[in-house]
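Here's the structure we're looking at; comments come further down.
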Amino acid sequence: MIPPPLLTPRERDCLPLLVSGKTRHEMARKLDVSVETIKKHVRSMLKKYDAANIRDALPAMRLHQEYYFDATANFEVFCNLAKFSAVIDTEKKEVLTQISHHFTAISPVVSSLHFSAVTDAFPLISVEIDGMRPKPTAIRAGRAIFETPVVPAVKQGTQFTRNARVTRTMPAAYSDGHYAALCMYPSERLEMDVVFRSTRPPSHIDVTVCLHSQQVQDDSLVITQSSQGLRLVSYDPSYQKCYVVKWAW
């Protein structure tokens with residue numbers, strides 16, 4: 001998916017109303033402005049969406065509404081690239097993961113971002129985000145949620161990177177292991193490298209993609225496998241899909 005255009009605060013107010021099918025007059029009453037002001041905002045939005053009319057712009061507007069403007073998922077950033085690099089060390093019986101997210105700010109101010117780390121069957125040894133060791137703010141469904149500061153007074157359109165280093169205990173030393181990567185943000189591209197440090201490579205590796213705990217097909221997924229591990233690239237992760245690499249000896 002492509003990131004949404006940089007909308008003004010008033011245009012952001014108009015977006016859910018347009019998506020829900022409100023007329024210009026209904027929008028004007030809702031936002032307590034004149035109809036002419038609404039028409040001006042809509043013309044500006046159509047230009048930003050490179051659309052001749054609302055009908056042409058609606059598919060992209062609905063997608064951006066779902067991702068960025070719903071109360072349950074209010075994203076202030078677009079993830080241009082999410083990179084996961086995991087080392088499966090069978091001698092130390094641990095998984096070391098380095099994660100890098102490259103963001104573009106889509107709202108005027110970004111104060112914090114959430115980072116999620118798997119805890120279910122993967123006891124955390126350490127979590128380091130941008131050189132700091134934050135404490136989890138919550139534990140939900142087998143995941144520890146950390147809130148981390150981004151950068152002060154970030155502006156709309158600003159690009160920045162956040163790096164994390166997570167060490168976990170392996171659920172099993174030589175069989176039935178798995179590593180899961182979940183991109184918490186709608187992302188344009190996801191890359192994941194999994195490398196095994198072992199006296200012998202695993203006899204079996206497979207990759208599954210899940211959406212809301214249900215396995216799904218991801219036609220954009222490209223997997224390159226070697227004797228040392230594998231590389232996974234998804235060109236449109238969307239919908240917070242979870243990418244699970246499983247192995248066995």
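Counting heavy atoms of neighbouring residues, nucleotides and ligands inside a 6.0 Å radius, atom CZ of Arg24 does not exceed 12 of them. No more than 12 heavy atoms of other residues, nucleotides or ligands sit less than 6.0 Å from atom CG of Asp32.
Note that CD of Gln98 and OG1 of Thr167 are 9.0 Å apart. Values are rounded to the nearest 0.5 Å. Here the NZ-OG1 distance, from Lys135 to Thr137, works out to 12.5 Å after rounding to the nearest 0.5 Å. With values rounded to the nearest 0.5 angstrom, Met61 atom CE is found 11.5 Å from Ser20 atom OG. Between the OG1 atom of Thr37 and the CE atom of Met27 there is a distance of 11.0 Å, given to the nearest 0.5 Å. Rounding to the nearest 0.5 angstrom, the gap separating the CD1 atom in Ile223 from the CD atom in Gln225 is 8.0 Å. Rounded to the nearest 0.5 Å, atoms OG (Ser100) and CD (Glu191) are 10.0 Å apart.
Clustering ILVMFWY residues whenever any of their side-chain heavy atoms sit less than 4.5 angstrom apart, transitively, puts Val244 in a cluster other than the one holding Ile99. Criterion: ILVMFWY side-chain heavy atoms under 4.5 Å apart, direct or through other members. Under it, Ile129 and Leu124 are part of a common hydrophobic cluster. Taken together through direct or relayed side-chain contacts under 4.5 Å among Ile, Leu, Val, Met, Phe, Trp and Tyr, Phe196 and Val87 form parts of separate hydrophobic clusters. Neither Leu81 nor Met192 shares a network with the other; the hydrophobic side chains, linked directly or stepwise wherever heavy atoms of I, L, V, M, F, W or Y lie under 4.5 Å apart, form separate groups for each. Grouping the Ile, Leu, Val, Met, Phe, Trp and Tyr side chains by contacts below 4.5 angstrom, directly or via other members, places Val95 apart from Val195.
Ring geometry for Phe146 versus Phe115: interplanar angle of 30 to 60°, hence tilted. In this structure, Phe103 and His101 have parallel ring planes: the angle between them is below the 30° cut-off, well short of the 60° mark.
In this structure, Leu232 and Leu190 have side chains that are in contact, with non-hydrogen atoms separated by less than 4.5 Å. At least one side-chain heavy atom of Arg168 sits less than 4.5 Å from a side-chain heavy atom of Thr97. Taking the side chain as every heavy atom from C-beta outward, Tyr49 and Asp56 never approach each other to under 4.5 Å. Counting only heavy atoms from C-beta outward, the side chains of Val222 and Arg231 never approach each other to under 4.5 Å. Contact annotation: the side chain of Leu221 approaches that of Val207 to within less than 4.5 Å [non-hydrogen atoms, C-beta and beyond]. With contacts defined as side-chain heavy-atom distances shorter than 4.5 Å, the pair Arg10/Leu31 qualifies. Counting heavy atoms from C-beta outward, Tyr243 and Phe84 have side chains that stay 4.5 Å or more apart. Side-chain contact between Met45 and Lys48 is absent, with no heavy-atom pair separated by less than 4.5 Å.
Nearest heavy atoms, Asp218 versus Ser234: OD2-OG, 3.4 Å. Between Arg200 and Trp249, the shortest heavy-atom distance links the atoms O-NE1, 2.9 Å. Counting all heavy atoms, side chain and backbone alike, Ala105 lies closest to Leu6 at O-CD2, 4.0 Å. The heavy-atom pair separating Ser187 from Ala82 by the smallest distance is OG-N, 3.9 Å. Taking every heavy atom of both residues into account, Trp247 and Tyr179 meet most closely at CZ3-N, 3.5 Å.
In this structure, Ser198 contributes its side chain and Asp89 its backbone to no donor-acceptor pair below 3.5 Å. Using modelled atom types, one side-chain atom of Asp130 and one backbone atom of Asn163 make a donor-acceptor pair closer than 3.5 Å. Using a distance-only test at 3.5 Å, with no hydrogens or angles considered, a donor-acceptor pair links the side chain of Ser203 to the main chain of Ala248. A side-chain donor-acceptor contact under 3.5 Å links Gln156 to the backbone of Ile106.
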